[in-house]
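This chain uses plain numbering: 1 for the first residue, then up along the sequence. Whatever order the structure lists ligands and atoms in, that order sets their numbers, starting from 1. Worth saying up front: this structure is predicted, and the values here are computed from it rather than measured.
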Amino acid sequence: MTTISNDLFEDDLDLPDPVAQQRYAHLVGLDHVKMRLAKEAELILQPQLLREWSLRTHNTVLPAVDRLAHRPPLIIFAGDVGTGKTTLAETFADAIARRHRIDVRVKRLSLRARGTGAVGEMTRLIGTAFDGVLDEARLAGTTRPTILVIDEADALAQSREASQMHHEDRAGVNALIRGISQIATEAPGVLVVMCTNRIGALDPAIRRRAAAEFDFARPDATQRAAILTSLFEGIPLGPSDLQELVKLTGPDERGYGHTYSDLVDRVLAAVCLTAYPDQPVTANLIAEQIRRCPPTPPFTAQS
Ligand SMILES: Nc1ncnc2c1ncn2[C@@H]1O[C@H](COP(=O)(O)OP(=O)(O)OP(=O)(O)O)[C@@H](O)[C@H]1O
Ligand SMILES: [Mg+2]
């Protein structure tokens, strides 16, 4: 991991990295997203692979390859809270780095890039951040691709159509669009990933530019069974115990069930801390702690 002085970014993550590999592997229920994303990202980061495929299989570079190569290097992760958007954005390139034996740098734009609201400040900060990414990417070329993660992207790219929008926010959207276009033309090997739980608040001009948009949802019954089994590996849980826990973590009269992060971060800790130091973990104890840790309301219900 490298620390850079520019405080518009969190610390860089350099992949491959064993911690990223493990965080990625522990994500449940996202196999379809992982598969599609791997291809999308691979072809944006390593555009020559598509040309090589076309030459190999068609003996020529198909026009379709050129069209695909000109897609904007932007992918959007949208969906419910605690469903793995940030984790996936920060770690998915680990698999690409390993497969192609290359280094990939993950740069994470800080919310500080939003500034304090002073006129022109956000535009200047976003411009500076993109200049930094472009300078670094030009030096690295496509041999060391970059993923630029813009988390909580709605904070920066709020719809310009929102009537209450401050002039400064609109300027931020324009700066973002400019930055993404610049990356598309000047820095092959950079991919921007925006995460949001409020896709409706994201500016339509940004959404139109995305090569792909992925939706993230709370775990269904099968996915809850998978995550509970994995979290409580080593604890003897019979099929009826598991069925009961799956039911307890599903939607009830509230209309929503537990998120992945409710289970991974809150229920697991509550269970272990209750059992420790002198009790074993049992199905009853897990059920009791699930009842005590109600699910996080969906974003719309919170706001
Ligand atoms: N699909 C999943 N499988 C396993 N664990 C998950 C999954 N999704 C989230 N988690 C766990 O939940 C925690 C929060 O995940 P993360 O921050 O990636 O969610 P998010 O979608 O970005 O949430 P938010 O919308 O609140 O920003 C992490 O500890 C992560 O490992
Ligand atoms: Mg997040």
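- No side-chain donor from either of Thr128 and Asp131 sits under 3.5 Å from a side-chain acceptor of the other.
- Heavy atoms of Leu88 found under 4.0 angstrom from ligand 1: none, in either backbone or side chain.
- With ligand atoms numbered from 1 in the order given, ligand 1 contributes 5 (N) to contacts under 4.0 Å with heavy atoms of Val264.
- The nearest heavy-atom contact from the protein to atom 21 (O) of ligand 1 is Lys85 NZ, 2.8 Å.
- Under 4.0 Å from ligand 1, heavy atoms of Thr83 appear from its side chain as well as its backbone.
- With a 4.0 Å heavy-atom cut-off, ligand 1 is reached by the side chain of Asp265 but not by its N, CA, C or O.
- The Mg ion (ligand 2) has Thr86 among its coordinating residues (N/O/S atom, backbone or side chain, under 2.8 Å).
- For the residue pair Thr249 and Arg224, a side-chain donor N or O sits within less than 3.5 Å of a side-chain acceptor on the partner.
- Note on ring orientation: taking the six-membered ring where Trp is involved, the planes of Phe216 and Phe77 are tilted (angle from 30° to 60°).
- Of all the atoms in ligand 1, the ones that sit under 4.0 Å from a non-hydrogen atom of His26 are 3 (N), 4 (C).
- What sits closest to atom 22 (O) of ligand 1 on the protein, heavy atoms only, is Thr86 OG1, 2.8 Å.
- Within 6.0 Å of NZ on Lys247 lie no more than 12 heavy atoms contributed by other residues, nucleotides or ligands.
- The environment of CD in Gln243 is sparse: at most 12 heavy-atom neighbours from other residues, nucleotides or ligands sit within 6.0 Å.
- Heavy atoms of other residues, nucleotides or ligands lying less than 6.0 angstrom from CZ of Arg51 number 12 at most.
- Between Gly82 and ligand 1, at least one N/O pair is under 3.5 Å apart.
- Geometrically, ligand 1 and Gly84 share a nitrogen or oxygen pair separated by less than 3.5 Å.
- For the pair Gly29 and ligand 1, no heavy-atom separation below 4.0 Å is found.
- A 6.0 Å sphere centred on CZ of Arg292 holds no more than 12 heavy atoms belonging to other residues, nucleotides or ligands.
- Between Arg36 and Glu40 there is a salt bridge, with a side-chain nitrogen of the basic residue lying less than 4.0 Å from a carboxylate oxygen of the acidic one.
- Residue Asn197 approaches ligand 1 through these ligand atoms, each under 4.0 Å from one of its heavy atoms: 24 (P), 25 (O).
- Contact annotation: for Asp151 versus ligand 1, there are no heavy atoms closer than 4.0 Å.
- At the top of the distance list for atom 12 (O) of ligand 1, counting protein heavy atoms only, stands Ser261 CB, 3.0 Å.
- Of all protein heavy atoms, the one closest to atom 6 (C) of ligand 1 is Tyr260 CB, 3.5 Å.
- The shortest side-chain heavy-atom distance between Ile290 and His258 falls under the 4.5 Å cut-off.
- Taking every heavy atom of Thr87 and a limit of under 4.0 angstrom, the matching atoms of ligand 1 come to 15 (O), 16 (P), 18 (O), 30 (C).
- Among Asp12, Asp94, Asp17, the single residue meeting the salt bridge (Lys or Arg N to Asp or Glu O under 4.0 Å) criterion with Arg105 is Asp12.
- Interface of Val28 with ligand 1, defined as ligand atoms under 4.0 Å from a residue heavy atom, comprises 1 (N), 2 (C), 3 (N), 4 (C).
- Of all protein heavy atoms, the one closest to atom 27 (O) of ligand 1 is Glu152 OE2, 3.8 Å.
- Once rounded to the nearest 0.5 Å, the distance linking OG1 of Thr146 with CG of Asp103 reads 11.0 Å.
- Using a 4.0 Å cut-off between heavy atoms, Leu27 contacts ligand 1 through both its backbone and its side chain.
- When the shell of 6.0 Å around CD of Glu233 is examined, it contains 12 or fewer heavy atoms from other residues, nucleotides or ligands.
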